[in-house]
Amino acid sequence: MRSTLALARSFDRPVRLLLVNQLTINTGFYMLMPYLAGHLSGTLALPAALVGLVLGIRNLSQQGMFLVGGTLADRLGHKPMIVAGCGLRTVAFLLLAVAGSLPALVIASALTGFAGALFNPAVRAYLAREAGARKVEAFAVFNAFSQVGILIGPLVGLLLNAVAFRLVCLVAGVMFAALTVAQMRALPGESPPEAGGAGGAGEDGENGEGGEGGAGRGVPPAWRGVAGDRPFLLFSLAMAGSYVLNFQVYLGLPLEVRRVTGGELGITLVFAVSAVMTIAGQARLTAWATRRWRPPQAIARGLVVMGLAFVPLALAAPWAGTAVVPSGGVTPVLALVPFLGAAVLLSVATMIIYPFEMATIATFGGRRMVGTYYGFYSTLAGVGVAGGNLLTGWALDLGARAGLPALPWLALTLIGLGCAVAVAVLDRSGRLAPSPEATRATA
């Protein structure tokens, strides 16, 4: 079996450039964002509510504008949106370096998010188009390269932040500026999508129902076409729970690690385990799953694993108690075992699901609307995460008050299993099967 690097080298130049592009984007982003809250509350002495406002605006401006970014990518081309998004993030990060007032911070945060909304759907749509029939493999190596950036970005940021947060912003901004210029010069241009009828079944085809409108029609009809694609909407809703579960690496697990161990080291280990596993195992696991399962089967099985990732936490919860474990010694290491077990299973589940999930969305979108479909899907996922985070926080508090510490983890397990059943039902009903046009185009 080929390693991740060998798999990356097997693709043509545009795909390889997109992989390096994503690695650099994540390195620059995660170099800065983990330390932004500390800068706002520490250096600038903002109250917690305003820190939450600034960070929330970034997330809202990104998640809420994904559909706009995806549609613009379909209409104007993927490369222009990638270049524009990276250029805009350059401005945003440089503004963060000098912003000292709340209005300036809000503007910089909003620009940071909107930049991501411009280039994220475009990068995925461009990758799906250039990979052709090898979409699953392309998104597998794409995920591995993404994790490399997530792993090294905070480490570089930690070193720079020890000097000054402004230095972090300046270096990240320079990275995005260099990336913008490099993409303008090196990323190949694209031919416009082929004209076609409703559904736009081109290189990838489309899943029979829905798909009204396309790149050649007005924006509202294109959005109505996506919203009217029932199989796609049902798939998006079935997958929304997976994003709630994945987000627990940023919410539920860190909160519980701090409570149980009283420190931050465990959180770092959880992130490191996830990143290293993905970098080392993504290509091999995807190849293994491709040989054994069809894409919907792989997604459903991955969702089962994702739900089961919280079982170790549920089993350990009654013994974790409410007291903080003293730092030092063997006890904190033992206390981390359930969390590391959950991180391992979540990583395996994501490695199974992600490549097939992204390829499935591309199949729904067809050649002419894949950016719009990615944008719409990401927006729904963002809404799901927002609602899921509220429910998760409520379940954590309720479990603590009621003396049922396993409650939130069991609820998350049920969400994962429910999502798996939903995808399996959609598969059994034929709603996730590619259209005959897509089958012929990718054969």
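Quantities reported herein were computed from a predicted structural model and do not represent experimental measurements.
Without hydrogens or angle criteria, D427 side chain to P296 main chain gives no donor-acceptor distance under 3.5 Å. At least one donor-acceptor pair under 3.5 Å links the side chain of Q297 to the backbone N or O of R294. Panel note: side chain S347, backbone M277; no donor-acceptor pair is recorded below 3.5 Å. With hydrogens and angles ignored, the 3.5 Å screen pairs no side-chain donor or acceptor of R428 with any backbone N or O of V423. Remark: side-chain polar atoms of N26 are not paired, donor with acceptor, to backbone N or O of I150 under 3.5 angstrom. Remark: the backbone N or O of A362 is not paired with any side-chain donor or acceptor of K135 at under 3.5 angstrom. Checking side-chain atoms of N143 against main-chain N and O of F139 turns up no donor-acceptor pair under 3.5 Å. Here the side chain of Q248 pairs a donor or acceptor atom with the backbone of G252 at under 3.5 angstrom. The main-chain N or O of A283 is never found under 3.5 Å from a side-chain atom of T286 such that the two would form a donor-acceptor pair.
With sequence neighbours left out, W293 forms a ring-ring contact (aromatic ring centres under 6.0 Å, His included) with W288.
Each ring-ring contact (aromatic ring centres under 6.0 Å, His included) pair with one or both residues in residues 42-64, not counting sequence neighbours, would appear here, but there are none. Counting only residues at least two apart or in different chains, ring-ring contact (aromatic ring centres under 6.0 Å, His included) contacts with residues 337-363 are absent.
A donor atom on one side chain and an acceptor atom on the other are found under 3.5 Å apart for Q62 and R58. With hydrogens and angles left out, the side-chain atoms of W223 and T71 include a donor and acceptor closer than 3.5 Å. Under the 3.5 Å distance criterion, with hydrogens and angles disregarded, a donor-acceptor pair is assigned to the side chains of T350 and N246.
Aromatic pair Y373/F232: centroids less than 6.0 angstrom apart.
You'll find the side chain of V383 stays beyond 4.5 Å of the side chain of L380, heavy atoms only. Counting heavy atoms from C-beta outward, M31 and L160 have side chains that approach closer than 4.5 Å. Residues N21 and I25 form a side-chain contact, since some pair of their non-hydrogen atoms from C-beta on lies under 4.5 Å apart.
Between I57 and S109, the closest heavy-atom pair is C-OG, 4.2 Å. Between S61 and A117, the shortest heavy-atom contact is O-CB, 4.2 Å.
Judged by the 6.0 Å distance and 45° axis criteria, R134 is positioned over the aromatic ring of F11.
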